Structure formats: C-alpha cells, structure tokens
Amino acid sequence: MDRTDLNVIPNTPSITPELVAEHGLKPDEYQRFVELIGREPTITELGIVSAMWNEHCSYKSSKVWLRTLPTKGERVIQGPGENAGVVDIGDGQAVVFKMESHNHPSFIEPYQGAGTGVGGILRDVFTMGARPVAALNALRFGDPHHPRTRRLLAGVVAGIGGYGNSFGVPTVGGSVGFHERYNGNILVNAMAVGLAKTDEIFYAAAAGVGRSIVYLGSKTGRDGIHGATMASAEFGADAEEKRPTVQVGDPFAEKLLLEACLEIMQAGCVVAIQDMGAAGLTCSAVEMGAKGDLGVELDLNAVPCRETGMSAYEMMLSESQERMLMVIADGKEEQAEAIFRKWGLDFAVIGKTTDTLRFVVKHNGEVMADLPIKELGDEAPEYYRPFTETAPRPVLGPSDVTHAVSVADALEQLIASPDLCSKRWVWEQYDHLILGNTVQRPGGDAAVVRVGEGPKALAMTSDVTPRYCEADPFEGGKQAVAEAWRNLTAVGATPIAVTDNLNFGNPEKPEIMGQVVGCVKGIGAACEALDFPVVSGNVSLYNETNGQGILPTPTIGGVGLIDDLEQSMSLAFKAAGEAIFVVGKTEGWLGSSAYLSTVCDREDGAPPPVDLVAEKRNGDFVRALIKDGFVTAAHDISDGGLLVAIAEMAMAGRIGASVDGVPAGLPAHAFWFGEDQARYVVTIPGGQYAEMIRRAEAAGVPVTKLGKTGGDKLTFGAERPVSVDALRDRHESWLPIYMGAN
Amino acid sequence: MKAAVLLFPGSNREGDVARALRLVSGQEPKVVWHADTELPQGTDLVVLPGGFSYGDYLRCGAIAARANIMDAVRAHAARGGMVLGICNGFQILCEAGLLPGVLVRNAKLRFVCREVFLRVERADTAFTKSYRKGDLLRIPVAHGEGNYTADPATIQVLEGEGRVAFRYARADGHIDETDGPNGAINGIAGIYSEKLNVLGMMPHPENHVDPVVGTVDGRGLFESIVGALKAA
C-alpha cells in the first residue's frame, strides 16, 4: 500500500505522553517505536505495540537471564518459545506441558481469574496437538489472619475446580502456602500436562503465502482489554477498579474448542495454530506471522463479536477466552468449518498470510494499523536491568536456636500449621479422578498418572520454597529444582524436564532484579547438574502492592517418567515391623526452616545449601532401590525436616513408628526438624537391608537406620509418644476449621 | 451386549465408562452423538455418562433432557430397555422425567471429589446381581450438584417400592445424611425407575474397576449388567 495512505487513517488522536503512559510504555520505548515505524502511530497501533512490548508478552526484563537456562536434552523435542514444551517419552509419544501465572486477575476476581488461568494453560497445551491429561497448580496466599485471605482462597479453589472439572481434566497435584508478603498479591500458577504423538505436534509458525487465517471458538467481547498490561504493572490501592480487565471463563466452550481443534488437526486441516491468550488477537496473529517470516493481513469486519460497535482497538486487545487462530491448509476450509459447526463454534476467515512482512489490520475498509511484523516481536525492548545481589545471611548453628517446646509439641504444631497441614479441603474440590488414570492422588510427593493403558506413567509435581529464595535467591532457586527432582524420584520416576513460573516483584528495583538473577542462576545450575532441562515457562513480574513485593517465588513444575507403574512408589507406611532409614546426611540445618518460622516465629538465617552432587547421587540411589523392589515406602524430606516426613508417612499409612538416633552433640530439635537437603526416608521390610547398606556404601550414600514401623503411635527417643490418629486429626482439621467448614 | 454411550458436547466421562464396559464385556460400546435421533440397531443398554452436558450453567441436565436423542432413549426405556445414568447422566434422567426427583447443589455448596462408601440396597436387579444386599462399595463421587431430593410423597413411593439403589454410608454401614458427600435425603445415591430398568446414580463405579487406580468395587455393576443381558 502507498505510504501516504497512512496519513488519512482516522483513528489518530494526537498521541500524548499521558496516552503513552496509560499504555504502560516508557517514553524511551515509545520513542523507539516511533523511530521504528517512522511516524506517529495510530491509536490501534499504540494498543498493539503496548500489548506486544509489555513485560508479560515480551519478557523484556528477564530474557537476557532466561537465555542462560539449560533447555536442551536428549528427549527434548521443543523447548521454550512455543505454547508449551514437548518431551519425548518413547513409543512415539510425547508429553507436552507448561505452567503459567494468573496472579493479578485472581487477586481482583478470584473465581474468574483462577479459572481463566487454568483455561489459558490448557489451551497452550492442546494448541500443540496434545490432549490434556492432568492439571496442577501452585497457590500462595497472604497471612491467614489477613481479612481477605479466606475469601481469596475460597474463590481461587472454586475457580480452578469450576474450570478444570467441567473441562474434564483431572487436577492431580499442587501446593498451597501462606505468607504475609502475599497479602496484597496472591499467586495462582497453573500447570497443564498433555499427551501427543511425536509426529503430530502443531506449531505457531505460519507457512505459505495467501493462505486463510481462521478465527475459531467463542466470540470476541470487551472483556480483558489490557489484561496483559495490567499483569505488567504493580497494584495500587485502586486494584479493585481493574475488575473489568479480568476475563470471564467458559469451560464448556473450551471443551468444545479442544474437541474441535483435535478433530481438525486429525483431519489434516491445520498448518499453524496459536491460541488467543494474553493480548488476544494481536499477540496470536503477530506471533504466527513473525515466526513464519510472513506478513499478516486481518479484516476485523469478519471477527465474530459478542457486542456491537466494537472498535478495531478493542478487538485487537480483547482477551475474551476460548479463542484460537489458525492457518488452514489449502482446500481444507470447508472440512474445517464443518467440524467447527458440528461443535457449535464460530468459524470465520478473518485474513490471510502475505509476503510483505507487515501486520495490516483493516476495519470498515480502512487501514487501522500497518506495522512491521518481525520488529513487533523481535525488536521488543530488552533490558539488562541493574541488580544488586541479595546480601548473604549468617549461618545459624543448631545451638543458635533455642527450643522453647518439646519435640512432640513442635511436631504437633508443624503438621497443623497453615503451610504443612493437609490440603484435602482444597483438592477435594478438584476432580482428580476423571479419565481413570490417576494412580497416585493428591497428597503424596508427586502425582502419578497412567499413560493410556499403561504400563508407562507420568509423575508430576510443583515446588518452591519462597522463604529460602528470599534468604538466598541462588540456593533457593537450586532448591526449588532439587525438590521437584526429589519428589519425582520418591515415586520412582526418572525426572525428565521442568517448566518454570518465575514470580517476582518490580524488576526496576535493583534488589528485586537481584532476586530474579539469583534464582534464575540457581535454577540453571540445578537443571544442568540434574539433567533436568527447562522446556517451557512463564515470568510474572511486578507482583507488588503499594511498594511491597512478594517473596521471590520461582515455581518449578517437574515431570518424570515411570516405565512400569507397578514400580512406582508411595509415601505411606505399608506394614508394621519394617525398618526405617534416612538416606542422606542430617546436620540439623535450621536457618530459614519451617521449624524456625512456625515454632520460633523467626525467619532468619541462611537457608540449607543444596549440594547438587549429593542430590544426584542420593536420588539415583533411591530410584534404583525402588526400581529393584527394595523399599516399600519412600518420601522426600523437605519442609519440617525428618520428623515431619516420618509423621506424614505414618499418617498416610495409619501405622505408627518407633524412631531414635539423635547423634551426640546435635540438639534433638535440630536433628528432627533441620532441613538439610538431598534426603529421603525409606522403609525396608524385615531384615532385608544388608544388601541396601552394601549398595549405599558402594555408592557413597549415607544411610542411617532410625527405627521401625508399627503400633499406633509415633515414639521418638525419650519424648512423649504421639498417637497417629490424633496427629492425623490435627493435620486434617486446620484448613477446614479455618475455612469455617464442618 | 450392545451398549450405546451418549455423547453430549460437554460429556467428559464417556471414555471412562466406555473403558469399564470394554474391560468387563470385552466389547466396544457405540458412541451416539446427542444430535442423532436414533439409537444403533439392537442397542440393549444406553449409558448417559458424566460431565457437563451443555455447560450446565443453569440447571444441570435441563438442556440435555431436550436433546434429539432423548426421545429415542425414552422409547428404549418404555420398551423395558436398560438405561444407566451416572452423575450428569443421573441429572439428565431426572430432568427428562425418566426418574423422579431432582439433584440440587451439594449441601456444603462446594464441588466434592472423594471416595465414599455406598451401601447396596438390593441385589436382585439387573444392575446389582453381582453384589450382595448390604455390601459396602468404596467408589468415588465427583460432583457439585448431587444432593438428591424430591417431595415427601415421591420419597415415600421410592422407599416403599424398594427403588433406592444405593445409599451413602459410613464405613460401618450406618446411614447418616450428615456424613454423606452432598446432603441427599435419606442418603440416596442412586434410584431405579418403576420397572427397575433405569438406574441413575451420582457416584462413579466406572472409575473403580481397575486395581491400579483404586478399588475394583465398581466392577460388579458392569458385571451385573453384562450378566443380565446375557441371560435375557
């Protein structure tokens, strides 16, 4: 088209600095855009660039660091950069997964915010051609005493259930934690896992000039306009006023979209596909064109709208849910349309691919935007933001922590604390059994889901210990990965890959950027050492309210593979009279521990260092023990330390135990509640542990016999014995009582 | 056995029940689309699976009850043919008038997915011959609206005619409404039609047929059906 035509585009109010600021663009970013296009943009163009260049879509603050993560591996088919990561699991099958945050919307409107978070991540997975087989989530709420916490928790859980249950995917795992630093900014990280054939993976890159670009799914409305921009800014006191930027979910429409998409993929109609997530039509169309080195021309008059009188600006920025964009194979339009009509969904040809490398948007016959497509994505600003490393905290020795209460009292307090109590109240609201493949249900170290008719199974978990990351981002980042790896190992799985969901405060503050850098470096080091590549992920920054940032929370979603599910393992004690061993070295590390925060009301001290060599060695040892049938139960040791792990095994199996073994010179509370890493508890039947000890010695793995299972009480040394049933009551009752349920 | 599993656009447990039928009968059930008007020739069992038939944003099963295929299901039932509705299928059967009463929101107003104990109220029907009266089955529920209720006269008829199929029980077999997952009247988890050829139930026997994923207490229901159809 003729350049001079642009001068007559009518959607051109003069672009004032205020308008630019309202779009979340910094003056220098706007200047860069003006230079890129060589003129003042139209309002539609300003909207488009604000959507493409915000933090949420462009990763401009984190990209330089994300590039340092290990993303390759023998099994990796697709790493970060697509809708989801793809990993080979043998037999022509692939697991497709990703985790994504929906923090800001969930704080404003918990039910819809959390539900559409689930919807978005499910869409990411089935856009790749995979059928979702499991969902997980990681949730962080404020102090339980904060007046909003109860309502937010209830709304988020109902929203996740409301979406996943109706869509028909089992929600099999996750974590729920509380801390006052999330009072004004909760975290809702949703993960979806799907299965596909390795030779039937679908990508976003468009191919072929002059092909139809088709809009599929629900109609476009005014909901969610600027959602991605909201997700890229801090909250102030006016957070409530942002409610209209939260999308409304329709899991039924999503279910139809899933079935229709998989059906037209099967029918060979799809050249490229991209879901309309953050920044809706803009982001999906630009990505398809830019990745395929093609231009895209859209005619907005063909877009199915839910409301009348929508402007080009609104249509381009709407985040209405359950929509897809596709490039259809030549001559397949009719077949594709018939399949969509069968499922009762909208199908509209709204544009075509071009060879101009320009992103052209027309409405009512007029050009509303005409932008260079590659630059919109590739030339997004990228920042090497200044950062200051988190100052190291002093190491607390076991004797630096006074023990005000007995070991039995502390155990009772810990297992009934908000972070460590049973989350049954939460996961019973999620359908975790649908599809009939849930081998290990929520409540264990990792969920185990059978692949098809077996014998293969996938293990999955989500982990992070934010108080460690706050104390030492590097060690905390390592620990999040190591714990995910351990949890997969404890169920007998070989860990194969991770997705990461990095939640932090405002990256323009050097100390926050220091947390980002430290955590990413730690994650990278651990993924490298444990051969656990990052295949997908999401970054959520600006998690701040009134200047108060959240605890740094880089959630790690780990996936593992079990060759034969008969060889998977659970944490429950199975029988009386079995020997209990701890694998790994116990030194009584109490700095930044759950004991310290829950029992002593202190959150100081350096967190436990993660020795990645020991992690690998001890984990490989435990996995082999499971595979070779030596152990009857296995559990990783994390929050709350050794005694909490043993108590969890006892409560799950409703079998007691008698344990001892506090070494001379170590205070009992440090031995039982220290959070040294790279440790597991395992049980071994009868006297069959001589071979296990021989193996341990050969591998250089420390193993210590602590006692044996049996009875209905936990007995530890000379301390007051605790009834397993009573412990279980405490463990189960905190959350229902807190939520006011009966 | 010729089983037909109905597929509404929002059904989501059709695969689970098809797998259970296949496991027990060795035969693949036919999947019948909601917009069709006829059941496959010779169908002897119609299954309405779990899910959210049309999104179920208003009243569960209300739209599905008016789907094209439901006339054929009514005719099949009227001929004495077997119909099994599980969860959303039970809701649809009530809305379609094939079973009395209604399923309203759970008493605690939350979705609930957990194992329950079901007491088998009679073992002489085509759906329960493989069980014994009083058996306790460990089977999961997964629903937000499973709270069965009806007017007192209807409940009296159901109880008087022995048409309660299963009740939620405690581990010791005792029935207590307040212990149940949803507050259903008299702990009712499933009911029969007058001629005992239509069964609607909220719990999911199809999810407990395989020792790898839970108990196998749900198998008996499918074995009973297969047995009854063989005998017929």
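Quick caveat: nothing in here was measured; it's all calculated off a predicted structure. By convention in this document, chain letters (A, B, ...) are assigned in the order of the sequence lines, proteins followed by strands, and residues within each chain are numbered from 1.
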Is it the case that atom CD in A:E453 sees more than 12 heavy atoms from other parts of the structure closer than 6.0 Å? yes

So with a 6.0 Å cut-off around CZ of A:R654, is the heavy-atom count from everything else above 12? no

For a quick test of reading the model, state the closest non-hydrogen atom pair linking A:Y430 to B:F111 and the distance between them. C-CE2, 4.4 Å

What part of B:N88 gets within 4.5 angstrom of chain A, counting heavy atoms only: side chain, backbone, both, or neither? neither

Relative to chain B, which segment of A:S166 carries a heavy atom at a distance below 4.5 Å: side chain, backbone, both, or neither? both

Please list, chain by chain and in numerical order, all residues satisfying salt bridge (charged side-chain N to carboxylate O under 4.0 Å, His left out) with B:D71, sequence neighbours excluded. B:R74

Which heavy-atom pair separates B:S53 from A:F252 by the least distance, and what is that distance? O-CE1, 3.5 Å

Tell me whether the count of non-hydrogen atoms from other residues, nucleotides or ligands lying under 6.0 Å of NZ in B:K30 goes above 12. no

SG of B:C113 to CG of A:N165: how many Å apart, nearest 0.5 Å? 7.5 Å

A:N437 side, atom CG; B:D210 side, atom CG - distance, nearest 0.5 Å: 8.5 Å

Count the heavy-atom pairs under 4.5 Å between each of B:A142, B:G10, B:P9 and chain A, then report the option with the highest count. B:P9

Which bit of B:H208 is near chain A, if near means a heavy-atom gap under 4.5 Å: side chain, backbone, both or neither? side chain

Inter-residue atom distance A:Q429.CD - B:R114.CZ, 0.5 Å rounding: 12.0 Å

Would you say B:R22 has more than 12 foreign heavy atoms packed within less than 6.0 Å of its CZ? yes

Report which part of A:I434 has an atom under 4.5 Å of a heavy atom belonging to chain B: side chain, backbone, both, or neither. both

Determine, for B:K108 against A:E428, whether the closest basic-nitrogen to carboxylate-oxygen distance falls under 4.0 angstrom. no

What's the shortest heavy-atom distance between B:N12 and A:L435, and which atoms? O-CD2, 4.4 Å

Just wondering, more than 12 heavy atoms not from A:K574 lying within 6.0 Å of its NZ? yes

Hey, does A:K255 have a side-chain heavy atom less than 4.5 Å from the side chain of B:F52? no

In this structure, are over 12 heavy atoms from other groups packed under 6.0 Å from A:K456 atom NZ? yes

Residue, of A:V157, A:D431, A:D250, A:L433, that accumulates the most heavy atom pairs under 4.5 Å with chain B: A:D431

Do you know which of A:P251, A:A158, A:G161 has the most heavy-atom pairs under 4.5 Å to chain B? A:P251

Side chains of A:R441 and B:E115: does their closest heavy-atom pair fall under 4.5 Å? yes

Engaged part of B:Y57 at the chain A interface, taking heavy atoms whose separation is under 4.5 Å: side chain

Among A:R424, A:Q440, A:E259, A:R450, which residue forms the greatest number of heavy-atom pairs with chain B at distances under 4.5 Å? A:R450

Sub-4.5 Å side-chain heavy-atom contact between B:V212 and A:V439: yes

May I ask you to check whether over 12 heavy atoms, not counting those of B:Q27, lie within 6.0 Å of atom CD? yes

Partner residues of A:R728 under the salt bridge (charged side-chain N to carboxylate O under 4.0 Å, His left out) criterion, sequence neighbours left out: none

